[in-house]
Each structure stands twice: as structure tokens, then as C-alpha cells.
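The sequence lines fix the lettering, A, B, ..., with proteins before strands; numbering per chain opens at 1.
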Amino acid sequence: MSAFSAIGERGEVEREEFTPGMEPQPTWCPGCGDFGVLKALKQAMPEVGRSPDEVLLCTGIGCSGKLNSYFESYGFHTIHGRSLPIARAAKLANPGLEVVAAGGDGDGYGIGGNHFVHTARENHDMTYIVFNNEIFGLTKGQTSPTSPKGHKSKTQPHGSAKSPIQPLSLSLTSGASYVARTAAVNPNQAKEIIVEAMEHDGFAHIDFLTQCPTWNKDARQYVPYIDVNESDDYDFDTTDRSEASEMMQKTEEALYEGEVLTGRFYVDSDRPSYGQEKRAIGEMPEEPLAERYFDEEYDWERSHDLFLDKHK
Amino acid sequence: MTDDELIWRIAGGSGDGIASTSQNFAKALMRSGRHVFTHRHYPSRIRGGHTYTEVRVSETPVRARGDGFNFLLALGDSFARNPSENAYYGNEELKPLEENLDELREGGVIVYDTGLLDASEIDDFEERAEENDWHVYPMDLRNMARDFGREVMRNTAGVGVTAALTGMDLNHIEDLMGEAMPDEILEPNVEILHHAYERAQEEFDHTHDVAVPGGEHDEEQALLSGSDAIAYGALDAGCRFIAGYPMTPWTEVFTIMSQNLPEVGGISEQVEDEIAAAALAIGASHAGVKSMSGSSGGGFALMSEPLGLAEMSETPVVLVEAMRAGPSTGLPTKPEQADLEHVLYTSQGDSTRVVLAPGTPEEAYDQTRQAFRLAYEYQLPAIVLYDQKLGGEMTNVPASHFDREPNPDPGSVITEAELEDAPHDATGKYQRFQYDAEKGVTPRSLPGQKDGRFLVTGNEHHQSGHIDEDPENRVLQMDRRLGKFDHISADLEEEDNQTYFGPEDAEYGMITFGSQQGTVKEAVDRLNDDGHSVRAVSISDMAPFPTAELAEFLDGVEEAVVVEMNASGQLRGLAQKELGRYGEKMSSLLKYDGEPFRPDEVVEGFKASIDGEDLPGQNTKYVPAAGD
Ligand SMILES: Cc1ncc(C[n+]2csc(CCOP(=O)(O)OP(=O)(O)O)c2C)c(N)n1
Ligand code: SF4
Ligand SMILES: [Mg+2]
């Protein structure tokens, strides 16, 4: 009998179950793109079919990091940039959990960039949503790693001298096996992509364009957007690395020219997830480790029996 | 000095196999009933650079390096980069012989490999040997090894010569080689061992008076290091997840855990950096697995923010910190005890962490288990603080010390059955951080448990976990978290972690911690034998600090010297801060040259403290008590 009976128990859930009673009204600014992520995520849940008790939502620090204050599930609001290492370890400890990490562009591509690269490289079975508003929201509008070159802010009064990071390309070269971009203004596509990402066995990265009307006033509202998977203007194979790479580059450049391209860019359903790889080499148990502490039959190993002989 | 003990120093280059040879040597002597203690010295390089290991062998228990040594096996540095005297680092080829002479005792033995070393290149070698009554036995070990097929076997040949000169049986050495070596290597090694032994018997006139002492154990022993003991303590505490990033000397614990965890169905993760390492341990623990991480100074600095998150989110986790000499990259392979304040105070805000600093392998095992128990019962981070010396030195410990039941108890955790009756908020979130929880601890639910959902955050939060900046809530939550400490203090009192040496009614005191415990004990024994009246305490509980216990100790003595391996007297500072007085009673004996104290340095330091004489040694420092 599982000590975590919520896992796999229900299959059928309602959207409303994901709205908490305590703090149902987000404190985000009116018109903020973050509302779009919350809404899409809640809408995705009935299709994914996982209940609030089997979801662990780990967030970073930023306006975006508040996501789990407004979403009913197990939540871990971590520290700036560190949602990924916390989330991926929880998944290794109890693989039955539906693990989602989320945070801002500063959080994920800046301060937490190292974790982003390595979590993608290792292909942990989880979903990572980056709220990309091309700005530091919570700290009041400083230039972020995705702000366009020349972007002026209080800390870059003469405009940023740096070219922005290319999040999709970075994700692909790092090793993510599902890479998509969607936008808050496109709730249906966003929901579908979240569903696919959660169902994907491996590291699924969603670069989620979220407008920040408060600090990024000049920025586009990310409309009109084009779905590259549906548009006749684009023809590429999302399972082909080099075609995906080319399309990503095009998309990343286009954003700074005012054209918002969204959709799935890369999907590799064959690559084993990190947990599978680790089990294959005998470095991770078949049964969820977290269960063992509740298993009264388990015969706990002792170093005295297993390891002391070689010291004698 | 009459030598009723053997202190054998094997010296060579980094990469010459000194460590494994000395370990086998120590183990062979342990098997034959002797007590052993090893002390190692090595540079931060893979190849080249002078390195040595000392094996101290005695009839009675030993837990410290000696004052110098009495048998040198100088193998020569086969990887020496620069055989020129004018080079910045000096003539490296000669170092294994030359650099060890200063600490060689009168009447000592020198065996050196003439295949690599030419004693005539060392200034006044003959004169010094004569003056100090050194007994010199040169032998071409390198060519002997070549004749037997492999040059690395000069180590084995050196052991054969040592055995012949010290009256040691070869059988245990042979057994150990048999256990470790594949047949094709074993055969020539056994041959050269005997050949070297016989040649040393035949060719030399044995004029020296250094020998392996007698001895017999009354129970089975195991040869292990502090790093081994920490790893075994963790495994027996039910730890099944470790995440880390290599850094000397913490790498030892990380390596042992990584090799053993798969065997017990656990998980080890080598990750991108130490921030990730600590964060992973927190994540795995949050999901219900007993977890640990660790590092040394610089890597532990990177863990500072996750450490604070564990405190604020009340996520249990055990971190180990293996000190090496700092600041910054410092002396990467040398011991120091200068991270005490770092570990106690790093990370923002008022902290709630347990810090234990064991002083012996036994304590390392016991206190690592305690660290897990306290972390998981009280939902906070617990840190095991040790250093390069305790981590790497090997000594014999009764095997029965580890014959204990494992403790996989996940601590303060709620079950699904209990959750049914537990308090929830309006939408069904479990009240994870209740103001009036017993001992300040609400049993935690784990993700995946039915009706256990909660939010946890590094922000100040309400009982349900939601972010809350209300002043009243803030004070209630801070007081609750900090209040756990009173219960932990009471709990730790039962563990009796402080170790005392010397007569209870002694006139003077000595205070130390961690790896210096054995050295201080030996110094205290010698001082009392010499007619002084000294008692020492080795403190392990750094947080919470055993304030009342130490006050009682200090009340009982005239004055106390605090012995620690750092430049600023961190333990003395902590004691004064915690006690709020006794500043006029405590002086400091400090050492921070990268080498641990020798017992005689502590003896001299004590004498300096009572009669105000200057210290004879260059590298120890005496700082008088306030107002002296
Ligand atoms: C270690 C650390 N550095 C800095 C901060 C301050 N800080 C909080 S959020 C943030 C940036 C937020 O930008 P982003 O990650 O893009 O999130 P957004 O608010 O835009 O959603 C910063 C710099 C912090 N909390 N921790
Ligand atoms: S500051 Fe920007 S990102 Fe933050 S809540 Fe307001 S609109 Fe949203
Ligand atoms: Mg942002």
C-alpha cells in the first residue's frame, strides 16, 4: 500500500480544484501576463488528469514566483534561481509526483542559468515554465537577460550593451527534449502546450511570453502572434534538431523585430528521461525512495554488515 | 627519548602510491594487535611534490601524531618537476629525504632509495646523521623493483626493508596484498617483499634501537578515517540521497557515499555547483527522503542561501563541512579549523541550525547519526563540522562501535491516516506551521500524500504556509522556530557529546574541539604525568552551545587555554559570546601554518600560559587572556 495514495488515484479532476481559498486573488498588476500562465495551467490540469495532491509546483523569486500562491497544489516557493535543483531532486525522490518548476526570465536564464543548462542536459522528467517578460518585474524594472539590446532601464541608463540570451536555442543545445514558446495572449495554445509538456517524459521547457505592462511599457503585448506549427509560412520538422535549431534562431531574432512566433520547436519523445538513465545503470531504485520510509517490512541495511569488513 | 613506539614515515612524490602503501602497513600492524594512527601531508597536486604519511604504532591506544618520528623510508620523488636547487620550489628530487630530516628524532632510522636519491647532495648529511645518532641504511630499491618487473614495486620493497629492520612479520602484509592485488601483480610483489626483507637482514648491521612494539587487542578492530565514519553514520541514519560537487577534503565523504549508496538502493548526484547540491538535498528531503550534501569552505559558502531556505522552510537536511586552510582557496590540502564562524553564522537572518563538531571517528559516526535525528525531528538543517585532519587520518576503532541498529525514522512526519484529523484551512490546505505545535514542530506532510497539500516558502509565512507580513504573525513564527533550540539543548544534554580528559579537580584547564582532541588528550596525559594538574574538554556541540556545562568547567579551574587551529581564536570567541564572561580566564594557543599541533607543542603552549614564557616553536602562537 502506498503512503502517497494521492498519486495515480483519481485521473479525473476539475479546473476549480486548483483555485485556493486562502489567496484566490492574485496580486499581480492589472493586465499582467502572469495571469495568462495561471489560467492556462489551471485549464491544463483536467486534461492532464492529476489532482492537486500529486502536483509539486516549485517556483523561484519574482512576480512569477508567486504562481504557487494562487495555484492549489503542493507548492515550494524557493529562492531566486533555484527552483530547478529543488524540483528535480523531488522528482528523483518520488518519481510518481507531477513536478513543475516555474519562474521568471531573470530567475531562470540569469541567476539560475547554470541549473537551467544542467537540468536540460540531464533531461529530468519535469516541466519548466519560464515567464519571459524581458524584464525584472518584482525588483521594479531592471534590464533582464532577455531584454533587447539597447533597452534602457534605471540600471542601464544608456541602454543595454548586451545582446539578449536566446532561450530556445540555449535549451536545445543544453539537451531539453521538449522546447516550446507560447504567449499569455494565446490561452488555448498555452494550455495545449502545458498539457503536452506535462505528459512529455523528459525535460519540457516552455518559454512563456508574459507582458509586463508596469515596467516594460514599450514592449509589445506579444500580439499578433503566429503559430509556427500551423502557419503556411513556416515548414520545419520539430523532431529534427537542425531544422528546429534554425527555426528557433529565426524566432528569437523575429521577436526583437516585432514578430511573435510561437509553438512547439523541438520534440524528442525517444530520449530516455534522467530517471530512466539512472535506473538503467543501477544508480536509482525501481521503487520510489520516498515510499521506503513508510514500509514497515523494509529491512534497513547497516554499514556494519555491508561495509566494515574491508576495514578489518 | 626512549622509543617504545614506532613512528614510521614513508615519503615520496605525490602519485608514488604513498597513501595505499601506508594504509596497508597500518592495517597489517592493526591486525597483529597494535594500535595505529596515521597522519598525512600532501600538496595540492596530482603528480610531483613532496608527500608523506606517518604511521604511529603503539602498544596502547594512539589518537594523535607524535612529536616527530623515528623511522624514515625515503622513496624519492619519481615525478619531481625540477631537479635544480635554484628552482623556486627547491630541488624536488631530494625533498623526500632532505625535508624530513628536521623532524627525525635522535637515534632514528633512515632507509632511502639510492636509485633516486643521492644523500651526498644534501648539505652536511653525514655530520647530521652522526650528531643525531641516525642509523642510515641505503638501498637501491628502484633497481630492485625494475629487476622484479615494475618500478612502482619499490614501495613494497621499502616495506620489506622496514619489516626486516623493525622486527615485523611479513604475513599480515602478504595477506593484505593478496586481498587487494590480482594474481599477476601479486606474485612479483610477494617476491620483492621477501627479497628486500632478506637483503636488509643480510646486508646491514642492525645498529639501531627502533622496533615495532608489542600489543594485543581484546576485541576486533577496524581501520578507518573520520570520512568513513561520517559516511557510515549517515547510511545508518537512513540517509539515501546525497548531492555534491567535488572539493578537497569533503570529496572523501562524497566519494564513499557515492560508492555505497547504489548498493543500498540510494541515490547520489554529482551536480553543477554547490548551490545546486544543497538545493537538491533540500528537494529530496522535502519529498520525504533523508538527504545530505556537503562541501569545504568555498563550496559551503555557495550553500549559504539554500541553508537559510532550509531554516525558513523548516526542511530537514544534513550538511557536512570539511574545513581546510582558508581564506579563499587557501591551502587546499591542509587542515585548519577556521570555518567555525562561517558555518555558525553564514546566511541572512537569525539562524536555527544545529552544528556538531566531532573529534574522533567514533564521535564522527555518533554525531552524524545525531545530526540526522535532530534535523528530521526538529525540521531544520544540521551541520557536521570537521576538518581535513579528522577526515583523512586513519586509526583503529573497535568494530563493535558500529554494531548498532539503523535509524531510518523520517522524524516529524504525518501519515495520511493522521492527516484526516489534522487541521486544514478553508480550501483544504494542511496547517503545516502551527503556532502552538509541540516543541515548535508541526509534523510535515509530504507531496503526494492525500489531503496533505501546503505551500512552503522562504518568505515569512502564516500557519498555512502562505506569505504573511503581519507583525504579530512574524513574531509568533520567529519565536516558534527559534524556540526549538531550547528543546534541542535539552535533547543534546542526554547525548553527552563533550569529552573530558584529566583529573576532575585539576587546577588548570584546556579547551579544544574537533581533530585536535587526540593531540590535546596526549598533551594532558603528559602534563599530568609530569606533575602538572590539567583537565581538558573537547567540545562538540557548537550550536546549541553547552553553556552551563562549560561554565561549570571554567569555574573549576584557575585558567584555561583554548587550543585551536586558526589565527583568530574562533572557539574562544564563541565560548565568550555564549558565556558572556570568563574573558579573563581563557587564553588561546593557535596554529595556522597548515600543519596540525604536535603534542609537545600543546605541552609547551600550556607551560607558556602558566609561567608566561615564550613559545619555543615558531609556528604556534599564544594569545593571553583579556586583561592579562
Ligand atoms: C539572490 C537574490 N538576488 C536578488 C534578489 C532580488 N530579486 C528578486 S526577484 C528578482 C528578479 C526578478 O526578475 P524575474 O526573474 O525576471 O521575475 P519577474 O519578477 O520578472 O517575474 C531579483 C533580482 C533575490 N531575491 N535574491
Ligand atoms: S510588475 Fe510586471 S510582471 Fe510584475 S505583476 Fe506587475 S505587470 Fe506583472
Ligand atoms: Mg522577468
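Of the atoms belonging to A:L97, it is side-chain heavy atoms, and not backbone ones, that fall under 4.5 Å from chain B. Residue B:S268 touches chain A through its backbone alone, counting heavy-atom pairs closer than 4.5 Å. Interface remark: B:Q449 contributes backbone and side-chain atoms alike to the contact with chain A (heavy atom separation under 4.5 Å). Contacts of A:L56 with chain B are made by side-chain atoms alone, with heavy-atom separations under 4.5 Å and no backbone atom involved. At a 4.5 Å heavy-atom cutoff, the contact between B:R240 and chain A is made by backbone and side-chain atoms alike. With a 4.5 Å cut-off on non-hydrogen atoms, B:E220 touches chain A through its side chain but not through its backbone. Only the side chain of A:K66 comes within contact range of chain B, judged by heavy atoms closer than 4.5 Å. Only the side chain of A:L306 comes within contact range of chain B, with heavy atoms under 4.5 Å apart. For A:E286, no part lies near chain B; criterion is any non-hydrogen pair under 4.5 Å. Heavy-atom distances place the backbone of A:S73, and not its side chain, under 4.5 Å from chain B. For A:E9, the part lying near chain B is the side chain, with the backbone staying farther off; criterion is any non-hydrogen pair under 4.5 Å. Heavy atoms of A:R292 lying under 4.5 Å from chain B belong exclusively to its side chain. Neither the backbone nor the side chain of B:V397 comes within contact range of chain A; no heavy atom of the residue lies under 4.5 Å from a heavy atom of that chain. The part of B:D228 that comes within reach of chain A is its side chain, from C-beta onward, which places non-hydrogen atoms under 4.5 angstrom from that chain. In this structure, the portions of B:L446 lying under 4.5 Å from any heavy atom of chain A include both its backbone and its side chain. Within the 4.5 angstrom heavy-atom criterion, only side-chain atoms of B:L309, from C-beta onward, approach chain A.
The existence of a salt bridge linking A:R88 and B:E269 is excluded, since no basic side-chain nitrogen approaches an acidic carboxylate oxygen closer than 4.0 Å. Remark: B:R453 engages A:D53 in a salt bridge, criterion side-chain N to carboxylate O under 4.0 Å.
The residue among A:N94, A:L92, A:V55, A:I7 with the most heavy atom pairs within less than 4.5 Å of chain B is A:L92. Heavy-atom pairs under 4.5 Å with chain B peak, among A:E54, A:E122, A:E283, at A:E283.
With hydrogens and angles ignored, the 3.5 Å screen pairs a side-chain donor or acceptor of B:D236 with a backbone N or O of A:S303. Between the side chain of A:R82 and the backbone N or O of B:I275, no donor-acceptor pair lies under 3.5 Å. Within the 3.5 Å criterion, the main-chain N or O of B:V289 finds no donor-acceptor partner in the side chain of A:Y293.
Closest heavy-atom contact between B:E416 and A:A6: OE2-N, 3.9 Å.
Taken from CE in B:M312 to OG1 in A:T78, the straight-line distance is 14.0 Å, to the nearest 0.5 Å.
Aromatic ring centres of A:H311 and B:Y232: separated by under 6.0 Å.
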